[in-house]
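One structure below.
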Amino acid sequence: MGAKAETKTNVLELLTSQHAELDALIGKIERGKDARAAFQEMADKLAAHATIEEKIFYPAVMSKKLDDLLHESVEEHLEIKRVLADMLMLDNGSDRFMAKLTVLKENLSHHAHEEEEDKMFPMLRRSMAEDELVAIGNRCLVMFEDLLPQHPSRNVPNETKKAAVLPQPR
Ligand SMILES: [Fe+2]
Ligand SMILES: [Fe+2]
């Protein structure tokens, strides 16, 4: 039991390591090695990652300063989910699948690295205390590990109409 509850997970480090894992899985799919299993794993981890950000992380860090960036982020999530939902219906390795994989990779790279890691996370590192970031990280990790075995990519096709709703800045 204890191990999980006692883990000290700064949310910014948790999310950054999940981005790196998603990149690695996309690389695996591109190389065609265990591509089917790698795609299923990537789809579920990407879906769970988006959910913990939308349900826990973004609401927890919402502020007047981050309002625009967070709304842009949920719109970027929507674009990424639309591509992923298309890919879930295509044959692994088909030309269209591979074309969409390239689009997914570009969208994800822009969102995760340029928007989150390079803009949002540095602002939060300056404005929030380490113990707050750890508390949010622990909640995110619990939800992520709870979601993952439920194959959360199955819900992605139902999340392609509109972006996740965020709370008003306090
Ligand atoms: Fe995100
Ligand atoms: Fe992210």
Side-chain angles (χ1 to χ4, degrees), residues 7-29 38-63 65-88 100-128 130 132-148 150-169:
T7 321
K8 295 229 184 321
T9 320
N10 179 311
V11 67
L12 307 179
E13 283 157 29
L14 174 72
L15 298 174
T16 301
S17 75
Q18 290 184 352
H19 294 160
E21 195 181 359
L22 291 168
D23 288 346
L25 286 166
I26 289 171
K28 230 173 149 181
I29 306 165
F39 175 61
Q40 195 53 61
E41 186 181 350
M42 187 279 288
D44 283 328
K45 286 185 170 166
L46 179 54
H49 179 84
T51 300
I52 63 173
E53 289 188 344
E54 290 168 1
K55 294 240 156 76
I56 297 176
F57 176 60
Y58 294 166
V61 301
M62 174 55 90
S63 68
K65 220 174 156 191
L66 278 171
D67 194 15
D68 289 348
L69 194 51
L70 292 172
H71 278 96
E72 197 181 318
S73 286
V74 290
E75 294 298 339
E76 288 176 349
H77 280 199
L78 179 63
E79 295 299 318
I80 289 167
K81 286 178 193 174
R82 284 175 173 164
V83 180
L84 184 61
D86 289 348
M87 291 176 76
L88 287 164
K100 286 193 184 279
L101 182 65
T102 302
V103 173
L104 182 86
K105 186 181 166 181
E106 287 166 0
N107 289 352
L108 186 62
S109 175
H110 169 76
H111 172 68
H113 302 306
E114 291 170 33
E115 297 291 330
E116 292 186 333
E117 291 172 21
D118 294 349
K119 277 191 212 162
M120 187 190 300
F121 294 3
M123 289 169 78
L124 292 169
R125 234 172 244 124
R126 285 194 297 271
S127 65
M128 292 183 79
E130 172 74 12
E132 283 180 286
L133 294 172
V134 168
I136 300 166
N138 286 339
R139 285 169 57 211
C140 282
L141 187 59
V142 167
M143 188 186 229
F144 185 84
E145 291 185 345
D146 186 47
L147 285 171
L148 202 56
Q150 306 175 41
H151 294 296
S153 64
R154 284 187 303 204
N155 298 324
V156 169
N158 305 322
E159 296 173 11
T160 56
K161 283 229 166 59
K162 62 191 237 348
V165 177
L166 293 172
Q168 296 288 321

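Start at 1 and go down the list; that is how both ligands and their atoms are numbered. Quick note: residue numbers are just sequence positions, from 1. This is a predicted model, so every value here is computed, not measured.
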Taking the six-membered ring for Trp, are F57 and F121 parallel (under 30°), tilted (30 to 60°) or perpendicular (over 60°)?
perpendicular
For E159, check salt bridge (charged side-chain N to carboxylate O under 4.0 Å, His left out) against everything at least two apart and list the hits.
K81
In this structure, CG of L133 is separated from CG of L12 (nearest 0.5 Å) by 5.0 Å
To the nearest 0.5 angstrom, please state how far the CE atom of M42 sits from the CG atom of L108.
8.0 Å
Using a cut-off of 2.8 Å, how many protein N, O or S atoms lie below it in distance from the Fe ion (ligand 1)?
5
Which distance, rounded to the nearest 0.5 Å, do you find between the CG of N10 and the CZ of R125?
7.0 Å
Verify side chain to side chain contact (heavy atoms under 4.5 Å, CB included) between L46 and L104, making sure each step is shown before the conclusion.
CA-CA 11 Å; L46 179 54; L104 182 86; 4.2 Å; yes
